[in-house]
Amino acid sequence: MTLTNTRNSYGGVAKTLHWLTALMILTLLLLGWIADQAAERATAGGAGGEEIARAAWLFSAHKTLGIALFGVALLRILWALTQKRPGLLNADHRAEALAAETVHWLLYGALVLVPLSGWIHHAATEGFAPIWWPFGQSLPMVPKSAALADLTAVLHRAFLLVLLGALALHVAGALKHHLIDRDATLRRMLPGRSDLPTPPKQAHSVAPLLLALMIWLGALGAGSWVNSQSTPHAPSGLQSAALEAVASDWQVTEGTLAITVTQLGSAVSGSFADWTAAIQYDPRETPGPAGEVTVTIAIPSLALGSVTAQAMGSDFFDAAQFPTADFTATLHRTETSHEARGMLSLRGASVPVTLPFDLELDGDTARMRGTVTLDRRDFGIGANMPDESSLKFPVTVTVALEAMRAP
């Protein structure tokens, strides 16, 4: 058996890459299914640190092998471009030949698009299941974006459906050739065979490539449409009613309320999309009380990367039972800066919290930024994780806003 292709058969390199790709795809499909099942169990109430760690390991294995498949696929395609391709043994059957070549183009596209969409999803997502390769945690020109992560997650599944369909047709075609037509189509991809028949005269066209491109464009369009119809960042079965506007002496014009947790050694950051702040503040030059603030937060509006659904569960924020959190505090001018001193009511617990913040006043415009570290145990979050092996105790909360004085 030669390493390069001949007119009658594939060479050793092409055969090795073909069967290696097949093994990797089967392994990835199995890993992906098992990881999804583990993630459902980890998201369900009562999930412990071991289950979350198992789900993370499975997803890390899936992602790492997926990038390896992407590399093997590129190598296989580059090798194919340098080789003559053995002709179809049924080239005189135009319809079958058209179907066979279309499926081959679909498979080549799937070997690139399925792992690439998954890779972009990982790079765009704040998550806790890292890739084990020493590269690939982020990609050039791919920002951390919940919208991009949502889109690529849907496209990953849409492209996967095309891959599964193409694989089914590819296997069915190979079995038909072997069991019904009894020709050498399958045998010439097996090791060792050299006494193989010469294919008939071939008649190639661009029709198979165009058909494959149409199918891929259809998958891209369908995936994009499904993504546009979905509710962004809302965990399944949990909707967040918009908070009503509140009366305030200072109207927040823009702002961010973000949290960072550390799960399985990786920092995961996210933010609440819906929150209100009623602020009464009177500037003063000396230390002392300077006003009041009441912040209300819609818990289901949190987007926390790949662990959003888990965070909404009963062992964590329990958003179904406690859909809002409130921070009611007095504002104080200190010797050096400002503090908000009050009670944070979250998940049925009320805990005293002091939030130090920097304040910049420019006429009727105020800009503030503050950071405070909370202990998740104070609110009963992750009570089934009594140590920090899976989820660290500290949770960092960062507030940044710009407000205008009401007329």
Side-chain angles (χ1 to χ4, degrees), residues 126 143-147 228 231-234 238-260 269-304 308 317 319 322-374 379 395-407:
E126 293 277 1
K144 293 294 183 184
S145 164
S228 69
T231 302
H233 324 315
L238 185 64
Q239 300 297 323
S240 175
L243 297 177
E244 295 182 1
V246 296
S248 177
D249 292 349
W250 293 78
Q251 295 291 330
V252 176
T253 55
E254 60 179 283
T256 302
L257 178 57
I259 66 171
T260 299
S269 297
S271 62
F272 295 92
D274 192 9
W275 54 278
T276 62
I279 306 169
Q280 182 271 312
Y281 174 74
D282 296 316
R284 59 180 297 162
E285 299 298 327
T286 59
E292 298 177 345
V293 63
T294 298
V295 179
T296 302
I297 307 162
I299 297 299
S301 72
L302 173 65
L304 194 59
T308 300
F317 281 108
F322 304 101
T324 61
D326 298 284
F327 179 52
T328 302
T330 55
L331 303 177
H332 290 263
R333 175 68 186 260
T334 67
E335 292 287 351
T336 57
S337 188
H338 289 77
E339 291 180 346
R341 305 169 187 170
M343 301 294 291
L344 174 60
S345 298
L346 169 66
R347 203 180 179 274
S350 293
V351 176
V353 170
T354 297
L355 169 69
F357 63 92
D358 295 322
L359 180 64
E360 176 188 340
L361 290 174
D362 183 8
D364 290 334
T365 301
R367 299 178 183 85
M368 69 81 65
R369 181 178 180 85
T371 300
V372 64
T373 299
L374 307 177
F379 303 93
V395 177
T396 302
V397 179
T398 302
V399 185
L401 63 82
E402 180 176 304
M404 297 289 293
R405 192 195 306 265

Legend entry - Set of side-chain contact (heavy atoms from CB on, under 4.5 Å) partners for Ala258, sequence neighbours left out: Thr256, Ser271

Legend entry - Qualifying salt bridge (Lys or Arg N to Asp or Glu O under 4.0 Å) pairs with a residue from residues 327-343, counting only residues at least two apart or across chains: Glu339-Arg341

Inset, instruction - Grab the two heavy atoms, one from Ser301 and one from Ala298, that are nearest each other, plus how far apart they are. - result: OG-O, 2.6 Å

Could you go through residues 283-296 and list every donor-acceptor pair under 3.5 Å that involves a side-chain atom there, pairing it with any protein atom two or more places apart or in another chain?
from   : atom 1 : to     : atom 2 : distance (Å)
Arg284 : NE     : Thr286 : O      : 2.7
Arg284 : NH1    : Pro289 : O      : 2.8
Arg284 : NH2    : Thr286 : OG1    : 3.1
Arg284 : NH2    : Pro287 : O      : 3.1
Thr296 : OG1    : Asp326 : OD1    : 3.0

Legend entry - side-chain contact (heavy atoms from CB on, under 4.5 Å) against Ser345, all qualifying residues, sequence neighbours excluded: Ser350

Inset, instruction - Give a yes or no on this: more than 12 heavy atoms of other residues, nucleotides or ligands lie within 6.0 Å of atom CZ of Arg369. - result: no

Legend entry - Minimum heavy-atom distance Ala319-Ile299, with the two atoms named: CB-CG2, 3.9 Å

Legend entry - Verdict with supporting geometry, Val351 and Phe379, side chain to side chain contact (heavy atoms under 4.5 Å, CB included): CA-CA 8 Å; Val351 176; Phe379 303 93; 3.5 Å; yes

Just list the side-chain donor-acceptor pairs under 3.5 Å for residues 353-367, sequence neighbours left out, or say none.
from   : atom 1 : to     : atom 2 : distance (Å)
Asp358 : OD1    : Ser337 : OG     : 3.2
Asp364 : OD1    : Arg405 : NE     : 3.0
Arg367 : NE     : Glu402 : OE1    : 3.1

Inset, instruction - First locate atom CG of Leu346, then atom CZ of Phe317, and finally report the distance between them rounded to the nearest 0.5 Å. - result: 6.0 Å

Inset, instruction - Identify, with sequence neighbours excluded, every residue that meets side-chain hydrogen bond (donor to acceptor under 3.5 Å, both in side chains) alongside Thr336. - result: none

Legend entry - Residues forming a side-chain hydrogen bond (donor to acceptor under 3.5 Å, both in side chains) with Thr396, sequence neighbours excluded: none

Inset, instruction - Return the set of residues passing ring pair (Phe, Tyr, Trp, His ring centres under 6.0 Å) with Tyr281 (not counting sequence neighbours), or none when no residue passes. - result: His338

Legend entry - Rounded distance [0.5 Å steps], CG in Leu302 versus CD1 in Ile259: 5.0 Å

Inset, instruction - Sequence neighbours left out, what passes side-chain hydrogen bond (donor to acceptor under 3.5 Å, both in side chains) with Thr330? Give chain and number order. - result: His332

Inset, instruction - Give the minimum heavy-atom separation between Trp275 and Ile297, together with the two atoms involved. - result: CB-CA, 4.1 Å

Inset, instruction - Measure across Leu304 and Ser269 and return the closest heavy-atom pair with its distance rounded to 0.1 Å. - result: CD1-C, 3.6 Å

